[in-house]
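Presented below is the structure to which this report refers.
What you see below is based on every heavy atom in this structure, not just the backbone, and it leaves out hydrogens, waters and symmetry mates. Counting from 1, the numbers follow the sequence of the chain as shown.
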Amino acid sequence: MGSPPTPAERGRHLAGRALRSSPPPVQRLLRRAAGALDTAAPASTTARVDPDAVWRSPEVPLPDGVTLAELAAMFRTWSVNGEPPGHLDAYVDDSLWRFLHTWALVRAETGPALELGANPYFTTELLASYTDLDLTLANYYGTSGETVETVSYFPIGATERVEKKHTSMLFNVEEERFPFADDSFAVVLFCEIIEHLLMNPLATLREIHRVLRPGGLLVVTTPNVARIDNVMAMVHGTNIYDPYSGFGPYGRHNREYTRHELHRILEFAGYRVEASHTADGHPYDPNRWPRRAEAAPLVQWRSPDLGHYLFARARATGTPRDGLPASLYRSWPAGVIVDDA
């Protein structure tokens, strides 16, 4: 009786079985996945691994002269459109680190910038206070046009509440032409939106490419579907899909991405990815997963990719390809789906 199959051998067996019953575009993806098992995964997963050391989020970047505690305290005084202060505290606790990792990707940039999905304006505040970007804001609440929203808060070190008015354009980034001329912006921030899109994220990336100047910077952030918490959830038999939302179909995560997938769709849309990483939005607690020690050796080989969020900087240096990439689309009319291998 032989030794039990390794994880890589089991993966090749499952991929081969699926390969024989899949359409051609899926077969190409499965062949790449099967090959990756030979080249990317470790030769052995039996070595002892400290489960609490498999993933540690990168250090949180901060503007000069400001502490994390000061920023957290300021954001906990936040009120949008007259809501009671503190109504967004849970969001601050969940995502404060993410706001700062996003800010850090553009802290040295200058010129006109478009922030898509600006509400509730936490990242907007960091961009306005700690960069030299000239901001244009956009949101979408079901109708198109323009809106003015009010944010009030206590700035760091202040003893009185201040109020800011934010004007933003309203449009559906997936279905509408952006209300801006070609080559309008040096920077576009497309943060925590792509995972909400329903049908065609490539259409949005093409519109962003149109309004960016040649060589302009696109910053994308989005939840990482391959994050450590999702890995552990699956090991423990827990569903990783986002719940149905009372805010409608755009209120939930309809498609999350891996880091590799994000790179591929950006490159297909005419961007050159110059940097990407993963990081958490708040402290990760490995102790919530009883079987973490058993799973840790299987993911140690890809430890840089285990953060809650994906962060990418990409330049609009190419021309978006025609069609839709086979790695992310199916069931469109003949000729629309193209191979992006």
Do the side chains of Arg177 and Phe171 get nearer than 4.5 Å, heavy atoms only? no
Phe311 and His277 aromatic centres sub-6.0 Å: yes
Are there over 12 heavy-atom neighbours, none belonging to Tyr141, within less than 6.0 Å of that residue's OH? yes
Under 3.5 Å, side chain of Asn139 to main-chain N/O of Ala118, donor-acceptor pair present? yes
hydrophobic_cluster_shared for Val225 and Val299, side chain cutoff 4.5 Å: no
To the nearest 0.5 Å, what is the distance between OH on Tyr140 and CE on Met169? 13.5 Å
Heavy atoms, side chains only, cut-off 4.5 Å: are Phe178 and Val173 in contact? yes
Set out, in order, the CA-CA distance, both residues' side-chain angles and the distance that settles side chain to side chain contact (heavy atoms under 4.5 Å, CB included) for Glu70 and Met74, then state yes or no. CA-CA 6 Å; Glu70 288 173 327; Met74 177 181 71; over 6 Å; no
Hey, could you give me the CG/CG distance between Leu133 and Leu217, rounded to the nearest 0.5 Å? 9.0 Å
To the nearest 0.5 angstrom, please state how far the CD1 atom of Ile228 sits from the CH2 atom of Trp55. 9.5 Å
With a 3.5 Å distance limit and no angle check, can you tell me whether Asp280 reaches the backbone of Ser57 through a side-chain donor-acceptor pair? no
Which heavy atom of Ile156 sits nearest a heavy atom of Leu71, and at what distance? CD1-CD2, 3.9 Å
Is the number of heavy atoms from other residues, nucleotides or ligands under 6.0 Å of Arg330 CZ greater than 12? no
Could you go through the side chain to side chain contact (heavy atoms under 4.5 Å, CB included) check for Leu68 and Leu100 one step at a time? CA-CA 9 Å; Leu68 190 63; Leu100 288 158; 3.4 Å; yes
Grouping I, L, V, M, F, W and Y whenever their side-chain heavy atoms are under 4.5 Å apart, do Leu189 and Val273 come out in a common cluster? no
Separation between CD of Glu267 and CG of Leu205, rounded to the nearest 0.5 Å: 12.0 Å
Has the side chain of Glu274 got a donor or acceptor atom that lies under 3.5 Å from a matching backbone atom of Arg313? no
Are Leu126 and Leu116 linked, directly or through intermediate hydrophobic residues, by side-chain heavy-atom contacts shorter than 4.5 Å (ILVMFWY only)? no
Taking Val92's backbone N and O only, do any of them form a donor-acceptor pair with Trp78's side chain (distance below 3.5 Å, no angle check)? no
Would you call Asp52 and Arg292 a salt bridge, taking side-chain N to carboxylate O under 4.0 Å as the test? yes
Enclosure of Asp322 CG (heavy-atom neighbours >12, cutoff 6.0 Å): no
Closest heavy-atom pair and its distance - Arg255, Tyr257: O-CE1, 3.3 Å
Assess the side chains of Glu149 and Tyr121: does a donor N or O sit below 3.5 Å from an acceptor N or O? yes
Reported CG-to-CZ distance for the pair Leu96 and Phe122, which is rounded to 0.5 angstrom: 9.0 Å
Honestly curious: do Leu212 and Leu127 fall in one hydrophobic cluster under the side-chain, below-4.5 Å linking rule? no
Keeping the roles fixed (side chain from His308, backbone from Ala279), state whether a donor-acceptor pair exists under 3.5 Å. no
Do Glu115 and Thr124 have a side chain donor and acceptor closer than 3.5 Å? yes
Do Phe99 and Tyr91 have their ring centres less than 6.0 Å from each other? yes
If we only count heavy atoms from C-beta on, is the Pro201 to Tyr329 side-chain gap below 4.5 Å? yes
Is the shortest heavy-atom distance from the side chain of Met199 to the side chain of Asn254 under 4.5 Å? no
Say whether, by atom type as modelled, one donor and one acceptor occur between the side chain of Arg315 and the main chain of Gly215 under 3.5 angstrom. yes
Trace of the side-chain hydrogen bond (donor to acceptor under 3.5 Å, both in side chains) decision for Asp64 with Tyr130: CA-CA 9 Å; Asp64 292 341; Tyr130 304 111; over 6 Å; no
Shortest non-hydrogen contact from Ala269 to Leu202? CB-CD1, 3.7 Å
His87 side chain near Val80 side chain, heavy-atom distance below 4.5 Å: yes
Minimum heavy-atom distance between Ala233 and Ile240, given as atom pair plus value: CB-CG2, 3.9 Å
When rounded to the nearest 0.5 angstrom, what distance separates CG in Leu137 from OG1 in Thr147? 11.5 Å
Any donor-acceptor pair under 3.5 Å linking the side chain of Asp340 with the backbone of Pro325? no
In sequence, state the C-alpha distance, the side-chain angles, and the governing distance for Leu328 and Arg264, and then conclude on side chain to side chain contact (heavy atoms under 4.5 Å, CB included). CA-CA 9 Å; Leu328 284 173; Arg264 289 184 70 171; over 6 Å; no
Whether the Ser276 and His263 side chains hold a donor-acceptor pair (N or O, under 3.5 Å, no angle test) is what I'd like checked. yes
Under 3.5 Å, is there a donor-acceptor pair between the side chain of Asp305 and the main chain of Ala226? no
Quick check: do Ser245 and Tyr250 have side-chain heavy atoms less than 4.5 Å from each other? no
Please report the closest heavy-atom contact between Arg206 and Pro320, naming both atoms and the distance. CG-CB, 3.9 Å
Counting C-beta onward and ignoring hydrogens, is there a side-chain heavy-atom pair between Thr150 and Glu163 closer than 4.5 Å? yes
With a 4.5 Å cut-off on side-chain heavy atoms, are Ser95 and Glu192 touching? no
Any donor-acceptor N/O pair, His236 side chain to Arg291 backbone, under 3.5 Å: yes
On a heavy-atom basis, the closest approach of Thr278 and Gly307 is OG1-N, 3.0 Å
Under 4.5 Å between side-chain heavy atoms, counting indirect links through other Ile/Leu/Val/Met/Phe/Trp/Tyr residues: same cluster for Trp301 and Val235 or not? no
Quick one, Thr222 with Phe190, criterion side chain to side chain contact (heavy atoms under 4.5 Å, CB included). Give me CA distance, side-chain angles, the key distance, then yes/no. CA-CA 9 Å; Thr222 187; Phe190 182 41; over 6 Å; no
Give a yes or no on whether a salt bridge exists between Glu207 and Arg210, defined as a side-chain N under 4.0 angstrom from a carboxylate O. yes
